Amino acid sequence: MRFETDAFIIHTRPYKETSLIVSFFTKEYGNVSAIAKGAKGKKSKFSGNLEPFQLLNIDYGGRSNLKTLFLAESIEPYKDFVESENLFSAFYVNELINFLLPYSDESTELFKIYQDCIQNLKAEKNIEVVLRIFELKVLSELGYEINLESEFSNGEPILEDKKYSYRPENGFFECSDGHSGKDLLGISAMDFSESSLRVCKVITRQTFDHYFSELNIQSRVFFK
């Protein structure tokens, strides 16, 4: 059986002398691994088309889990990242997606979140905003949405002039030395200040580490 779908490349590795095993994030079928036969050859039909962070249309098939790639064509003009740090950020996004895909039952919305993030990383210089929005949306899509508008225990609304502590399994509760309510409401509205961006990074990392304890993102070294 053969399949055709939009896809991004998440990872490639050598296979035999001239081929590659390519891991794709596909729009309809989630994570797909396929052999690109002869891809390392100078006259390969895949030449120039197996680049990460480029939207592709792929044609693949096979009965085993490791498919055969028949065709891969770029369906958008190539656009580079505005800064080298944006490229490092994109590798972090790829690592995160590669790890989290098995936890997703439906890839279409996650694919759109990923696509929007890569497009924004290529165009925007404020990568912190792009990354935090991506993380919040991914958590929400996977069923781990962070409630930034009310306390967990009593449902009372979070107020700007109060402070709150956060536990991933419980949410927020009032605490004298916690996060500013103003920052939390700013994150909820995705209206970020320097302060709320720092808070958001702490909160999303807590959440990922709590629910996905085996998460080991190598690209994080660039963002400490």
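Small disclaimer: the values here were computed from a predicted structure and weren't measured. In what follows, residues are counted from 1 in the order of the sequence shown.
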Would you give the length of the straight line joining atom [atom1] of [X] to atom [atom2] of [Y], rounded to the nearest 0.5 angstrom?
X      : Y      : atom1 : atom2 : answer
Cys117 : Lys112 : SG    : NZ    : 12.0 Å
Leu101 : Ser23  : CG    : OG    : 10.0 Å
Glu76  : Gln119 : CD    : CD    : 6.0 Å
Leu139 : Ile203 : CG    : CD1   : 11.0 Å
Ser195 : Asp183 : OG    : CG    : 3.5 Å
Asn120 : Ser89  : CG    : OG    : 12.0 Å

Do [X] and [Y] share a hydrophobic cluster (ILVMFWY, side-chain heavy atoms under 4.5 Å, transitive)?
X      : Y      : answer
Leu55  : Val130 : yes
Leu66  : Tyr60  : no
Leu100 : Val32  : no
Phe208 : Ile113 : yes

List the steps, then state whether side-chain hydrogen bond (donor to acceptor under 3.5 Å, both in side chains) holds for Thr207 with Tyr166.
-> CA-CA 10 Å; Thr207 308; Tyr166 175 65; 2.8 Å; yes
Heavy-atom pair with the smallest gap, counting every atom of Ile58 and Ala72 = CG2-CB, 4.1 Å
Would you call [X] and [Y] a side-chain contact if the rule is heavy atoms closer than 4.5 Å?
X      : Y      : answer
Ile158 : Glu149 : no
Leu142 : Val138 : yes
Val129 : Leu197 : yes
Asp177 : Cys175 : yes
Phe192 : Ile133 : yes
Phe173 : Arg167 : yes
Met190 : Leu136 : yes
His11  : Asn94  : no

Looking at Phe70, does the NZ or CZ of Arg2 lie under 6.0 angstrom from its six-membered ring centre and within 45 degrees of the ring axis?
->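 Judged by the rule, Arg2 and Phe70 form a cation-pi pair.
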Taking the six-membered ring of Tyr78 as reference, does the NZ or CZ atom of Lys122 fall below 6.0 Å from its centre and within a 45° cone about the axis?
->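 Judged by the rule (NZ or CZ under 6.0 Å from the ring centre, within 45° of its axis), Lys122 counts as positioned above Tyr78.
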Using ring-ring contact (aromatic ring centres under 6.0 Å, His included) as the criterion, list what pairs up with Tyr114, not counting sequence neighbours.
->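 Only Phe8, Phe25 meet the ring-ring contact (aromatic ring centres under 6.0 Å, His included) criterion with Tyr114.
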Mind checking what makes side chain to side chain contact (heavy atoms under 4.5 Å, CB included) contact with Leu87, not counting sequence neighbours?
->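 Leu87: side chain to side chain contact (heavy atoms under 4.5 Å, CB included) contacts with Phe53, Phe81, Phe91.
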Is the side chain of Ser107 donor-acceptor paired with the backbone N or O of Phe111 at a distance under 3.5 Å, no angle test?
-> no
Can a salt bridge be assigned to the pair Arg205 and Asp209 using a cut-off of 4.0 Å between side-chain N and carboxylate O?
->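 No, Arg205 and Asp209 are not salt-bridged.
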Answer yes or no: is there an ion pair linking Arg132 with Glu135, defined by an N-O contact shorter than 4.0 Å?
->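 Looking at Arg132 and Glu135, the cut-off is met.
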Which pairs count as ring-ring contact (aromatic ring centres under 6.0 Å, His included) when at least one residue sits in residues 128-153, sequence neighbours excluded?
->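 Qualifying pairs, neighbours excluded: Tyr144-Tyr211, Tyr144-Phe212.
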